[in-house]
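Chain identifiers are assigned alphabetically (A, B, ...) following the order of the sequence lines, protein sequences preceding nucleic acid strands; residue numbering begins at 1 within each chain. Fair warning: this is a prediction, and the values are worked out from it, not measured in the lab. All values below come from the heavy atoms of this structure, side chains included, with hydrogens, waters and symmetry mates left out.
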Amino acid sequence: MPKFYVTTPIFYLNAKPHIGHAYSVTIADVLARWHRLKGDDTFFLTGTDEHGEKVEKKAAELGISPQEHVDRLSAEWKEAWKKLNISNDDFIRTTELRHEKAVKHFVKLMHDNGDIYEGVYEGWYCTSDETFIPESQLADGKCPECGKEVRKLKEETYYFRLSRYQEHLLEYYKQNPNFILPKKRAAEIINRVNDGLKDLSMTRPSVRWGIPFQFNDKHTIYVWVDALVNYLSAQGWPDKEPKYWPADVQIVGKDIVWFHTVIWPAMLISAGFKPPKSVLVTGHFISEGKKMSKSIGNVADPTELVNKYSADSLRYFLMRELPLGDDGDFSEKLLAERNNNELAADLGNLVFRVLTLSSKFEGKLEGKPALESSMDLKAFQEAMDRYDTYKALEIIWRFIKAANKYINDTKPWELQGSELANALYNSIEAIRVIAILISPFMPAAADSINKQLGIPSGRFEDCKFSRIDYIPKKGAPLFKKIE
RNA sequence: AGCGAGGUAGGGUAGACUGGAGUGCCCGCCGGGCUCAUAACCCGGAGAUCGGUGGUUCAAAUCCACCUCUCGCUACCA
């Protein structure tokens with residue numbers, strides 16, 4: 001049985017989930033459900049990244065322990081994904097013992113391989129925010145956060161010999177042209193790696209809320225090194241072999257591509273693992289032409305949207321709105337439009353009218369497949385296997401439109417006897433197949449269709465028109481229009 | 001500044017690698033059809049000098065050069 005392992009980034013606990021996070025977990029969820037539908041042995045991981053200075057400081061502000069703080073926040077994220085109907089197989093938290101154990105072992109392997117050495121890190125430091133600022137982030141030579149002066153500061157640190165892996169990485173990119181997806185993202189990384197790699201400062205003497213560095217207990221391990229190992233620690237490693245590694249696809253936002261396509265693979269090679277098979281870089285949502293940010297107040301809260309519309313509506317919108325890897329506009333108006341036109345009118349109404357027609361029918365539902373050829377299953381499968389949910393939905397919608405047209409053309413309400421049976425047979429088989437195809441995207445709607453048809457959930461191989469031996473019972477409309 | 005990706009009807013996209021009538025899709029707009037259905041569904045139509053200029057070619061959205069505009073990335077903020 002083929003294996004499939006998909007991951008999202010683990011989310012840093014310095015804010016609530018926003019629409020971009022929802023996008024990442026939804027695409028991972030759709031892929032996981034798709035592979036389960038095909039019968040693959042699937043593992044889907046998400047979680048939260050809980051160490052670091054920002055978390056420590058926020059907890060102090062709130063007057064609670066960092067652990068208490070992350071316990072609360074992590075629960076919020078879990079709840080948000082539950083509302084979105086996310087089917088993750090595990091939820092990893094970097095403050096869990098299993099993770100700490102894995103990180104320490106991972107660092108030991110890197111160390112044993114001669115890739116960790118002691119040194120000094122020198123950078124621009126903002127005293128007010130108590131943090132180093134990368135040179136490129138400086139705003140007119142001042143701190144971009146608080147606007148105050150920064151000064152050069154030296155700090156003891158341990159380095160990871162990242163520079164040693166430049167050739168390995170370039171070779172890996174060459175051998176695996178689908179490592180960075182979509183491909184247009186690959187060039188900018190490869191060119192930068194070509195220009196040379198600097199070693200990575202991987203411990204912090206000043207941060208206390210982190211995993212202790214076992215070779216010098218005054219240091220904690222840099223949060224990124226800590227965080228990246230989650231993809232292995234959730235597999236039960238090092239107590240057992242990581243069954244699903246290497247991951248088939250790791251979903252990342254474009255802001256963290258470097259960590260997942262350069263640092264992470266280098267760490268893995270150093271510790272004796274294979275890099276992931278591919279890293280899928282997603283675009284960002286912008287809001288009416290502007291970046292979403294808390295200061296503008298245009299941040300969309302996925303939980304609120306789920307409450308107002310439905311998990312399915314939001315999931316559909318997210319998968320349909322952004323062409324793979326591109327940025328897209330988010331606005332509630334667009335969400336409402338898609339909900340009303342494509343879900344309520346095209347799909348919901350199709351199911352509703354078919355159920356109305358067939359509920360009145362009393363004979364045997366049989367006929368010859370006439371509509372099947374309008375569904376291009378091969379193209380659908382190809383799109384899904386390239387992670388192109390946008391295209392896949394377009395193909396499903398072509399079929400939905402064909403089904404609506406079939407009903408208009410055959411006019412079942414004017415037919416009788418075997419002609420009527422045949423028209424209904426094709427209509428019902430169409431929505432049965434549609435339920436299977438939309439199930440990775442809109443699991444609740446798929447369940448509702450199956451329930452109305454009185455059948456269990458189908459598998460991908462059931463997408464063929466066959467005999468009908470069940471009695472449909474009409475239920476409530478799948479989607480409601482909003483406003 | 002360097003590197004990268006783009007500019008195709010009112011908006012959003014596909015097509016570009018392997019040149020061949022501006023060909024497709026979604027939304028919006030206009031007109032018609034239908035009445036099973038959530039004023040839903042189906043059909044038809046208007047609307048584009050394919051960012052600009054020049055070149056290669058029998059033929060360019062597609063290949064080449066230059067120009068212009070937009071956007072992204074530039075590593076230790078997790």
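- A salt bridge links A/Arg93 to A/Asp71: at least one charged side-chain nitrogen sits closer than 4.0 Å to a carboxylate oxygen.
- A/Ile256 places its CD1 atom 16 Å from the C1' atom of B/rG72, with the value rounded to the nearest Å.
- Per the geometry, NZ belonging to A/Lys405 stands 17 Å off C1' belonging to B/rU35, to the nearest Å.
- When distances run from any side-chain atom of A/Tyr121 to the nucleotides B/rC76, B/rA75, B/rC26, the shortest one goes to B/rC76.
- Across all strands shown, B/rC71 is found opposite B/rG4 as a Watson-Crick or G-U wobble partner, with both distances under 3.5 Å.
- Spacing between B/rG15 and B/rC58 at atom P, rounded to whole Å, works out to 29 Å.
- Base engagement by A/Ser201 is indicated by at least one non-hydrogen atom pair under 4.0 Å involving a base atom.
- Of the residues near RNA chain B, A/Val354 and A/Val262, the one whose nearest nucleotide (by heavy atom distance) lies more toward the 5' end is A/Val354.
- Remark: the separation of the C1' atoms in B/rG52 and B/rA61 is 14 Å, to the nearest Å.
- Comparing atom distances between the A/Trp413 side chain and each of B/rC3, B/rU35, B/rU38 picks out B/rU35 as nearest.
- Put simply, CG on A/Leu478 is 14 Å from C1' on B/rA40, counting in whole angstrom units.
- On a pure distance criterion of 3.5 Å, a polar donor-acceptor pair joins the side chain of A/Asn408 and the base of B/rC41.
- Taking the ring centroids of A/Tyr231 and A/Trp264, they lie under the 6.0 Å cut-off.
- Residues from residues 343-351 of chain A placing a heavy atom under 4.0 Å of any atom in RNA chain B, listed by number, are A/Ala344, A/Ala345, A/Asp346, A/Gly348, A/Asn349.
- Under 3.5 Å, the side chains of A/Glu50 and A/Thr48 contain a donor-acceptor pair of N or O atoms.
- B/rG12 sits 11 Å from B/rG7 when the P atoms are compared, rounded to a whole Å.
- RNA chain B is contacted by both A/Ala187 and A/Asp409; A/Ala187 maps to the nucleotide lying nearer its 5′ end (nearest heavy atom per residue).
- When heavy atoms are screened at a 4.0 angstrom cut-off, A/Leu197 is found touching base atoms of the nucleic acid.
- In the set B/rU13, B/rC41, B/rU74, the nucleotide with an atom closest to the side chain of A/Arg353 is B/rC41.
- Closest to the side chain of A/Leu200, out of B/rG72, B/rC76, B/rU74, is B/rC76.
- For B/rA40, the OP1/OP2 oxygens have a side-chain nitrogen or oxygen of A/Lys481 closer than 4.0 Å.
- Distance check on atom C1': B/rA14 versus B/rU8 gives 10 Å, rounded to whole Å.
- Separating the CZ atom of A/Phe380 from the C1' atom of B/rC25 is a distance of 17 Å, rounded to the nearest angstrom.
- Distance check on atom P: B/rG47 versus B/rG11 gives 16 Å, rounded to whole Å.
- Distance, A/Leu355 CG to B/rA37 C1': 11 Å, rounded to whole Å.
- Between A/Tyr316 and A/Trp397, a ring centre-to-centre spacing shorter than 6.0 Å is recorded.
- Within the structure, every pair that satisfies the ring-ring contact (aromatic ring centres under 6.0 Å, His included) test and touches residues 186-211 of chain A, not counting sequence neighbours, is listed here: A/His51-A/Trp209.
- Summarising the geometry, the separation between CZ on A/Arg338 and C1' on B/rC27 is reported as 7 Å, rounded to the nearest angstrom.
- For B/rU53 and B/rA75, the C1' atoms lie 40 Å apart once the distance is rounded to whole Å.
- With rounding to whole Å, A/Asn340 atom CG is found 18 Å from B/rC26 atom P.
- Base contact: A/Gly196 has a heavy atom under 4.0 Å from a base atom.
- For A/Asn404 and A/Arg353, the side-chain atoms include at least one donor-acceptor pair closer than 3.5 Å.
- When heavy atoms are screened at a 4.0 angstrom cut-off, A/Asp199 is found touching base atoms of the nucleic acid.
- Of the candidate nucleotides B/rC42, B/rA37, B/rC76, B/rC76 has the atom nearest to the side chain of A/Arg204.
- Looking at heavy-atom distances under 4.0 Å, A/Lys198 makes contact with a base.
- Not less than 6.0 angstrom separates the ring centroid of A/Phe215 from the ring centroid of A/Tyr158.
- Here the separation of B/rC42 from B/rG4, taken at their P atoms, is 45 Å to the nearest Å.
- Among the protein residues, A/Pro412 comes within range of no part of the nucleic acid, since none of its heavy atoms lies under 4.0 Å from any strand.
- Sparse packing is recorded around CD of A/Gln416, with 12 or fewer heavy atoms of other residues, nucleotides or ligands lying under 6.0 Å away.
- A straight line from CD1 of A/Ile428 to P of B/rA37 spans 16 Å, rounded to a whole angstrom.
- Using a 4.0 Å cut-off between charged nitrogen and carboxylate oxygen, A/Glu188 and A/Arg192 do not count as a salt-bridge pair.
- No engagement by A/Asp226 is indicated, since no non-hydrogen atom pair under 4.0 Å with the nucleic acid exists.
- Across all strands shown, nothing is found opposite B/rC36 as a Watson-Crick or G-U wobble partner with both distances under 3.5 Å.
- Of the candidate nucleotides B/rG72, B/rC73, B/rC27, B/rC27 has the atom lying nearest to any side-chain atom of A/Glu342.
- The residues A/Lys308 and A/Glu332 are annotated as salt-bridged, a charged nitrogen and a carboxylate oxygen being separated by less than 4.0 angstrom.
- Base-pair partner of B/rG54: B/rC64 (Watson-Crick or G-U wobble, both distances under 3.5 Å).
- Between A/Asn341 and B/rG28 there is a side-chain N or O to OP1 or OP2 distance below 4.0 Å.
- Across all strands shown, B/rG44 forms a Watson-Crick or G-U wobble pair, both distances under 3.5 Å, with B/rC30.
- A/Glu372 meets the salt bridge (charged side-chain N to carboxylate O under 4.0 Å, His left out) test with no other residue; sequence neighbours excluded.
- Atom P of B/rG51 sits at a distance of 14 Å from the matching atom of B/rU13, rounded to the whole Å.
- Across all strands shown, B/rU23 pairs with B/rA14; the Watson-Crick or G-U wobble distances both stay below 3.5 Å.
- Across all strands shown, A/Phe479 has heavy atoms under 4.0 Å from base atoms, whether or not it also approaches the sugar-phosphate.
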